[in-house]
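Note sheet for the following structure.
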Amino acid sequence: GGGQFRPDNHAYASDLDLFGTGSLFELLCTARTGIGQAMLANWLLDPAECGEVAGRQAAVAELRPMLDLREDWASVSGAALDQAGASVRDWADAPAIAFPFYARALALILPICLIVLSVLAGAGVFGDHWTWAVAVPVGLETLLAALLMKKTKLTAANLVLPSFELELLAPLLDRFEALHFQCPLLKSLQLQLTTSSGLSSKQIRLLRLWV
């Protein structure tokens, strides 16, 4: 229904039932991601110039007979369909959660030290004092985890909803990048998907891997 997009004070949103149960948004919206739903809501709330409307209508006319494309997009995993709230854009625009250099370095060094010391302890290098050799790095790791707990939990929590959308974006963009369009608006959108570092679909797959 898009109730989350209904503004408190708007000239016509309530009178025309743009959002909510049985609304225009509910009738029109087939967006697969939060950013797509937000864009449709903005289109309904903010009138476009005549030239922009004509460009959108030309794009719709070209996309309308592409049944294979529409079926491909509709058949992509629906995990994100019922997800509300933050989208990939919100995640990307949010302030970075910075970890100090020493913390990132210790997060790599301490596990390596633990492995090495454990191997040496197993070989009998430390004799009867092997428990201390293992306990020290474990204790330091526990202390580091406790100090960074708040930031790491926030980082992980912020990834949940964007990760659903990332599952959808790569195959959708893959399909879109391979098509040949005549409409200027669709050509422009397609051109934006090709960056200096490669195709957007490949970049999103890499981002999904990191997530």
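All residue numbers refer to positions in the sequence shown, counting from 1.
Within the 4.5 Å cutoff, the side chain of F181 has heavy atoms near those of the L63 side chain. F25 is not listed as a side-chain neighbour of R6, based on a closest heavy-atom distance of 4.5 Å or more. The shortest distance between side-chain heavy atoms of L189 and Q192 falls below 4.5 Å. Put simply, the side chain of F126 does not reach to within 4.5 Å of the side chain of T131, judged on heavy atoms. For the pair F19 and Q4, the minimum side-chain heavy-atom distance is 4.5 Å or more. F99 is listed as a side-chain neighbour of T155, based on a closest heavy-atom distance under 4.5 Å. Using a 4.5 Å cut-off on side-chain heavy atoms (C-beta onward), L44 and L16 make no contact. Proximity of R175 to D68: side-chain heavy atoms (C-beta onward) are separated by under 4.5 Å at one or more points.
Side chain of Y12 to main chain of L45: a donor-acceptor pair is present (N/O by atom type, distance under 3.5 Å, no hydrogens or angles). Remark: side-chain polar atoms of Q190 are not paired, donor with acceptor, to backbone N or O of L186 under 3.5 angstrom.
The number of heavy-atom neighbours closer than 6.0 Å to CE of M66, taken from other residues, nucleotides and ligands shown, is above 12. Residue D46 places its CG atom among more than 12 non-hydrogen atoms of other residues, nucleotides or ligands, all under 6.0 Å distant.
The structure places OG of S23 at 11.0 Å from CZ of F5, a figure rounded to the nearest 0.5 Å.
When all heavy atoms are compared, the tightest approach of C29 to Q37 is SG-CG, 3.9 Å. Summarising the geometry of G55 relative to C183, their closest heavy-atom pair is O-SG, 4.1 Å, with the distance given to 0.1 Å. Scanning both residues, P7 and H10, for their nearest heavy atoms gives CG-CB, 3.5 Å. Residue E62 comes nearest to Q182 through the heavy atom pair OE2-N, 2.8 Å, listed as atom of the first residue, atom of the second, then distance. Between A31 and G36, the closest heavy-atom pair is CB-C, 3.6 Å.
Here the rule is side chain to side chain contact (heavy atoms under 4.5 Å, CB included) with V134, and of L117, L114, L120 only L114 fits it.
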